[in-house]
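Everything quoted here is computed from the prediction, not taken from an experiment.
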Amino acid sequence: MKFNKLRLVGFKSFVEPTEFIIERGLTGVVGPNGCGKSNLVEALRWVMGENSYKNMRASGMDDVIFSGSGNRPARNTAEVGLYLDNFDHTAPAVFNDADEIQVTRRIERENGSVYRINGKESRAKDVQLLFADASTGARSPSMVGQGRIGELINAKPQARRQLLEEAAGISGLHSRRHEAELRLRAAETNLERLEDVVVQLESQIESLKRQARQANRFKALSADIRARDAMLLHIRWVEAEQAELEAQTALNQITNVVAEKAQAQMEAAKNQAISSLKLPELREDEAKAGAALQRLQIARSQLEEEAGRLLKRRDELTRRLAQLAEDIRREEQLAADNTSFLAKLDEEEAELNDMLADSGAESADLHEAFEAAGATLAESEQLLAAITGERAEAAAGRNQLERLIRDLAERRQRLDRQRQDAAAELDAVTGRLATLDDPAEKAELVEAAEIGLEDATAAAEDAESALAATRAGELAARRPLEDARTALNGLQTEARTISKMLAAGATSGDFVPVAEMVHVERGYEAALGAALGDDLESPVDAAAPTYWAMNGDPSADPRLPDGVEPLSSRVTAPPELARRLAQIGIVSVIRPRP
């Protein structure tokens, strides 16, 4: 088997698409430590079907994918292609129609590997057998690595046997022999298991024979039991038929009674409906009569209170008139006494004048007595004037009280007329109430209607409570359902997206992604990844399902704002990406001062 070319994309340190041409003769790779020489040998082993990540010097098979560096973002896929010379057409018949056989292995992070032979997806076992038939493989002794010579010298006989088998060109046959031995061992195991099953079935057959005998005996006993049961059931059927006739008769009687009760109930419901229709009118009449009666009672109580106040006022005025009459009589008596006293004084004055004329010696004494008598007279006149004023005031008060008594008498007559009118109206209302139906019956009907209304209201409230509880339960049950639907929609969307990505990766495996044609200045890798994302996996080849293409004239695109630098100034990319990169701006973040 002759290798023509080795192609690596994203495998370990080979992030860029790299091809190694293997010419005739000796091909060597020379370089310092850490330049990736061992990665080439591991790439050959990996594409030949190596499944142990420990032999790949990794902690997991995903570690063979380029994990990123200071100036390059990490990759999600890695691919290694090995081109084999088949010019003499000595390959297996399935792949013998081409002059060159292309074996590729592609791995996607967290999704496993995919093998292809000449572009057709194949199994890892097919790839391993292809190389085993050519006396090579991932773990072939011909794959000499660091420390491999010492391992061969110190190898065990089994490892040396593998080396001899490969040198003899029978490693493929040995692999098929090993597989055949595994199948034979599995067949032997199945035969042993079959013998165990046969022994188990024989024991089950014996058990089934015993069960068959028991079943025959059971059938005989069951037939006898069924006959006895039939007789018993016939007797019970006759008794049940008799009981059915009696029950039918009782049912007919009860049906008649129920019909009568239903008729009575319908009649009662009809009467209730009629009463319920008359209930508002009766309530309105009752309310009007109660309101009229209340007004009359209020008017009657007001009239009685007003009459009581008038009687009290009359008694008070009567007492005041008696008191004023007594005061007038007393004043008249005082006036009479003063008149007689004045007459007596006049007589004394006359006598004194006579005595003055007779006696001049006693003139001074008499003059003093006269002055004293004048002073007494002045005081009496003042007292008379005061009594006269009081009498006039008493007369005026008497006249006012007489007018007040006349007014009160007129008001009493008017209140008596109002009282008579109210009594007549009360008699009319009483007669009208007497003409109405029996209030007790109407009250019973009203009470029954009110009880029915209360029951209906309680039933409506119970129904509303049950409806509210049902709605609350529905909302509580619908919330987890909506959450589950939301989660299901998210999972379905994610599944469709992953399927599209896998389909795109499966159909575009032969095309070079645009990410391998882009050169980014150091420090701007994250900006490019955030701006384009998964679009970097699409190629520029028009034969791919999804690809980058020239789209329109970029001269009409709007300019970026001042101070915004286009991403195209930091990225060297194919012209198909130029228009999009020119519309993506880079803005420096200015943090405010604290």
Side-chain angles (χ1 to χ4, degrees), residues 1-22 27 36 39-53 55-56 58 61-66 75-87 89 91-134 136-140 143 501-517 536-541 543-547:
M1 177 176 288
K2 183 178 182 301
F3 298 160
N4 290 338
K5 183 172 59 175
L6 178 66
R7 185 175 181 273
L8 299 92
V9 179
F11 184 84
K12 288 199 173 184
S13 60
F14 295 95
V15 60
E16 300 291 344
T18 306
E19 293 183 355
F20 292 91
I21 306 299
I22 304 175
T27 300
N39 292 342
L40 294 175
V41 179
E42 292 174 356
L44 288 173
R45 288 182 176 176
W46 188 67
V47 77
M48 288 181 182
E50 179 61 56
N51 292 324
S52 175
Y53 61 86
N55 292 333
M56 304 302 296
M61 194 55 74
D62 288 345
D63 290 345
V64 302
I65 304 174
F66 179 68
R75 299 292 300 273
N76 288 328
T77 60
E79 183 176 344
V80 176
L82 183 61
Y83 296 82
L84 308 176
D85 187 6
N86 190 31
F87 185 76
H89 296 279
V94 182
F95 314 110
N96 207 16
D97 55 350
D99 294 338
E100 188 178 48
I101 300 175
Q102 180 184 358
V103 180
T104 60
R105 181 178 181 181
R106 180 184 177 88
I107 184 172
E108 188 173 354
R109 196 177 298 277
E110 297 181 358
N111 285 329
S113 301
V114 177
Y115 292 89
R116 286 187 178 86
I117 300 178
N118 289 339
K120 297 181 180 180
E121 188 170 341
S122 303
R123 300 177 301 173
K125 183 177 180 181
D126 297 334
V127 175
Q128 294 171 357
L129 286 176
L130 175 63
F131 288 102
D133 290 338
T136 183
R139 300 185 182 181
S140 174
M143 300 287 293
M501 293 174 63
L502 291 175
T507 56
S508 62
D510 298 334
F511 302 100
V512 179
V514 75
E516 300 178 1
M517 305 178 185
L536 290 171
E537 298 294 331
S538 300
V540 296
D541 192 348
T546 57
Y547 60 92

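Partners of Arg109 according to the salt bridge (charged side-chain N to carboxylate O under 4.0 Å, His left out) rule, which considers only residues two or more places apart in sequence or in another chain, do not exist here. Val15 pairs by the side chain to side chain contact (heavy atoms under 4.5 Å, CB included) definition with Phe66, Arg72, Arg75, not counting sequence neighbours. For Ala78, the side chain to side chain contact (heavy atoms under 4.5 Å, CB included) criterion is met by Ile65, Ile107, not counting sequence neighbours. Checked against ring-ring contact (aromatic ring centres under 6.0 Å, His included), Phe14 has the following partners two or more places apart in sequence or in another chain: Phe20. Under the side-chain hydrogen bond (donor to acceptor under 3.5 Å, both in side chains) criterion, Asp63 pairs with Ser59, not counting sequence neighbours. Listed by chain and number, the residues in a side-chain hydrogen bond (donor to acceptor under 3.5 Å, both in side chains) with Asn55 are Glu50 (sequence neighbours excluded). Take Val114 and apply the side chain to side chain contact (heavy atoms under 4.5 Å, CB included) test, not counting sequence neighbours, and it matches Arg116, Glu121. Contacts of Ser113 classified as side-chain hydrogen bond (donor to acceptor under 3.5 Å, both in side chains), with partners at least two apart in sequence or in another chain: Arg105. Applying the salt bridge (charged side-chain N to carboxylate O under 4.0 Å, His left out) criterion to Asp85, with sequence neighbours excluded, gives no partner residue. Qualifying side-chain hydrogen bond (donor to acceptor under 3.5 Å, both in side chains) partners for Gln128, counting only residues two or more places apart in sequence or in other chains: none. Every residue two or more places apart in sequence or in another chain that forms a salt bridge (charged side-chain N to carboxylate O under 4.0 Å, His left out) with Lys125 is listed here: Glu179.
For the atom pair CG of Asn118 and OH of Tyr83, the computed distance is 10.5 Å after rounding to the nearest 0.5 Å. Note that CD of Glu537 and OG1 of Thr546 are 10.0 Å apart. Values are rounded to the nearest 0.5 Å. If you take CZ on Phe11 and CG on Leu6, they are separated by 9.0 Å, rounding to the nearest 0.5 Å. Interatomic distance, CE of Met56 versus CZ of Arg45, reported as 8.5 Å (0.5 Å rounding). Put simply, CE on Met48 and CG on Leu82 are 5.5 Å apart, with the number rounded to the nearest 0.5 Å. Distance check: Leu8 CG to Glu19 CD gives 9.5 Å after rounding to the nearest 0.5 Å.
Asn86 places no side-chain N or O within 3.5 Å of a backbone atom of Glu100 that could act as its donor or acceptor partner.
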Side chain to side chain contact (heavy atoms under 4.5 Å, CB included) between Thr77 and Glu79, intermediate numbers included: CA-CA 7 Å; Thr77 60; Glu79 183 176 344; over 6 Å; no
Side chain to side chain contact (heavy atoms under 4.5 Å, CB included) assessment of Trp46 paired with Met61: CA-CA 10 Å; Trp46 188 67; Met61 194 55 74; 3.5 Å; yes
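Residue Leu84 comes nearest to Asn4 through the heavy atom pair C-ND2, 4.0 Å, listed as atom of the first residue, atom of the second, then distance.
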